[in-house]
Participant: 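Can you keep this structure in mind? I'll have questions shortly.
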Amino acid sequence: STENNTIPTTLFDTNEVMTLKRSDATKKRYFRLHKSNGIWVINDETWDEVTNSNFRHVQADPGLGDVEIWTIENKGGGWFHPTHLHLVDFQVLSRNGKAPMPHERGPKDVVYVGEGESVDLLVKFGPHRGRYMMHCHNLSHEDHDMMTQFSVGYVSGTPDADDPIAADPCKWDDLD
């Protein structure tokens, strides 16, 4: 039957990220996905920058609970990039300046960024502090270092910010 076979205008609208508005964002960041000298990069960097820094280097450092707009751009190169952010769900605000497609109107943790596209995401960072990855889900890109790291909830120069593996401990008792 094809009755009730339409995509709702909002998917899972009770998810916290879907209740956020563009005006809730306090910062905007840009990430360009492309190929440079035969290597897939994010903002001209690979995972080597992270490992060479003893896992301290980050491309973004939002505070715990911060809301930001992240623009992910793919100017070309013959590839699409399904981009995954660890830790968070996000809301797709726009694709190439237009409203997101119907199937994108729910919480996401991966966004398709096609060749020549720019996608704006609304992201609230938490509930945990720590360092997390953003990477392309194309296996050949991920395997060849199209990954970067962001930190959540650290103040530069504090002991936790200087510890490459510091993160809030998981409260297993809270999972019941």
Side-chain angles (χ1 to χ4, degrees), residues 2 5-13 15-22 24-53 55 57-62 66-126 128 130-152:
T2 58
N5 196 17
T6 60
I7 298 174
T9 56
T10 306
L11 304 172
F12 193 21
D13 58 357
N15 181 296
E16 181 184 20
V17 75
M18 299 311 296
T19 67
L20 299 173
K21 307 272 184 281
R22 182 181 287 269
D24 294 328
T26 58
K27 190 166 200 158
K28 187 165 187 170
R29 299 183 196 261
Y30 296 89
F31 299 92
R32 182 172 176 230
L33 313 175
H34 63 107
K35 200 171 197 177
S36 177
N37 298 320
I39 299 171
W40 292 106
V41 295
I42 300 174
N43 289 348
D44 293 316
E45 295 182 358
T46 69
W47 190 247
D48 284 344
E49 278 76 17
V50 175
T51 58
N52 292 342
S53 73
F55 300 92
H57 175 72
V58 297
Q59 285 199 29
D61 58 353
D66 283 1
V67 177
E68 296 186 354
I69 295 173
W70 283 21
T71 298
I72 303 177
E73 180 180 63
N74 175 11
K75 286 195 172 183
W79 284 88
F80 62 90
H81 301 286
T83 305
H84 175 51
L85 280 83
H86 287 222
L87 173 70
V88 295
D89 286 339
F90 53 79
Q91 181 185 147
V92 178
L93 287 175
S94 66
R95 176 176 295 282
N96 303 316
K98 298 177 182 170
M101 293 182 271
H103 64 276
E104 295 179 309
R105 295 182 184 150
K108 303 291 180 192
D109 68 356
V110 176
V111 65
Y112 175 90
V113 187
E115 186 175 3
E117 289 194 313
S118 178
V119 182
D120 284 349
L121 311 177
L122 188 61
V123 189
K124 182 172 183 181
F125 293 91
H128 305 289
R131 287 183 181 76
Y132 300 93
M133 292 177 63
M134 176 173 76
H135 61 90
C136 178
H137 252 295
N138 286 332
L139 192 55
S140 62
H141 298 182
E142 181 180 342
D143 284 351
H144 291 96
D145 291 339
M146 193 177 205
M147 299 185 283
T148 192
Q149 180 174 242
F150 62 95
S151 68
V152 175

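Positions are given from 1, in the same order as the sequence printed here. What's counted below: heavy atoms across the whole structure, side chains too, no hydrogens, waters or symmetry copies.
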Participant: Check whether any side-chain N or O of Gln149 sits under 3.5 Å from a backbone N or O of His57 as a donor-acceptor pair, and report yes or no.
Facilitator: yes
Participant: Walk me through it: do Tyr30 and Arg32 pass the test side chain to side chain contact (heavy atoms under 4.5 Å, CB included)?
Facilitator: CA-CA 7 Å; Tyr30 296 89; Arg32 182 172 176 230; over 6 Å; no
Participant: So, do Val88 and Asp109 sit near enough that their side-chain heavy atoms are less than 4.5 Å apart?
Facilitator: no
Participant: Could you grab the distance from atom CG of Asp24 to atom OG1 of Thr19, nearest 0.5 Å is fine?
Facilitator: 7.5 Å
Participant: So does Leu93 get a backbone contact from the side chain of Asp120, meaning a donor-acceptor N/O pair under 3.5 Å?
Facilitator: no
Participant: Any non-hydrogen side-chain atom of His84 less than 4.5 Å from a side-chain atom of Met133?
Facilitator: no
Participant: So, using ring-ring contact (aromatic ring centres under 6.0 Å, His included) as the criterion, who are the partners of Phe125 when residues are at least two apart?
Facilitator: Trp70, Phe150
Participant: Just verifying a value: how many Å separate Asn74 CG and His81 NE2, rounded to the nearest 0.5 Å?
Facilitator: 4.0 Å
Participant: Just by distance, do the side chain of Arg131 and the backbone of Val58 share a donor-acceptor pair under 3.5 Å?
Facilitator: no
Participant: If you look at every heavy atom in Asn96 and Gly116, which pair is closest and at what distance?
Facilitator: OD1-O, 3.9 Å
Participant: Please identify which of these residues, Lys124, Arg29, Lys27, Lys28, meets the side-chain hydrogen bond (donor to acceptor under 3.5 Å, both in side chains) condition with Glu68.
Facilitator: Arg29
Participant: List the steps, then state whether side chain to side chain contact (heavy atoms under 4.5 Å, CB included) holds for Leu122 with Val17.
Facilitator: CA-CA 8 Å; Leu122 188 61; Val17 75; 5.5 Å; no
Participant: Donor-acceptor check, side chain of Asp61 to backbone of Ser151, threshold 3.5 angstrom: yes or no?
Facilitator: no
Participant: Taking atom CG of Asn52 and atom OG1 of Thr46, what is their separation to the nearest 0.5 Å?
Facilitator: 8.0 Å
Participant: Compare all side-chain heavy atoms of Phe80 with those of Glu117 and state whether any distance is below 4.5 angstrom.
Facilitator: no
Participant: Taking the side chain as everything from C-beta on, heavy atoms only, tell me whether Val111 gets closer than 4.5 Å to Arg95.
Facilitator: yes
Participant: How about Ile42 and Gln59: do any of their side-chain heavy atoms sit closer than 4.5 Å?
Facilitator: yes
Participant: Passes side chain to side chain contact (heavy atoms under 4.5 Å, CB included), Thr148 versus Asn43? Steps please.
Facilitator: CA-CA 9 Å; Thr148 192; Asn43 289 348; over 6 Å; no
Participant: With salt bridge (charged side-chain N to carboxylate O under 4.0 Å, His left out) as the rule and sequence neighbours excluded, what pairs involving residues 43-52 come up?
Facilitator: none
Participant: Any side-chain heavy atom of Lys108 sitting closer than 4.5 Å to one from Pro100?
Facilitator: no
Participant: Give, for atom CG of Leu121 and atom OG1 of Thr83, the distance between the pair rounded to the nearest 0.5 Å.
Facilitator: 8.5 Å
Participant: Roughly how far apart are His86 NE2 and Met134 CE, rounded to 0.5 Å?
Facilitator: 10.5 Å
Participant: Can you confirm whether Val152 sits close enough to His128 that some side-chain heavy atom of one is under 4.5 Å from a side-chain heavy atom of the other?
Facilitator: no
Participant: So, do Val119 and Val92 sit near enough that their side-chain heavy atoms are less than 4.5 Å apart?
Facilitator: yes
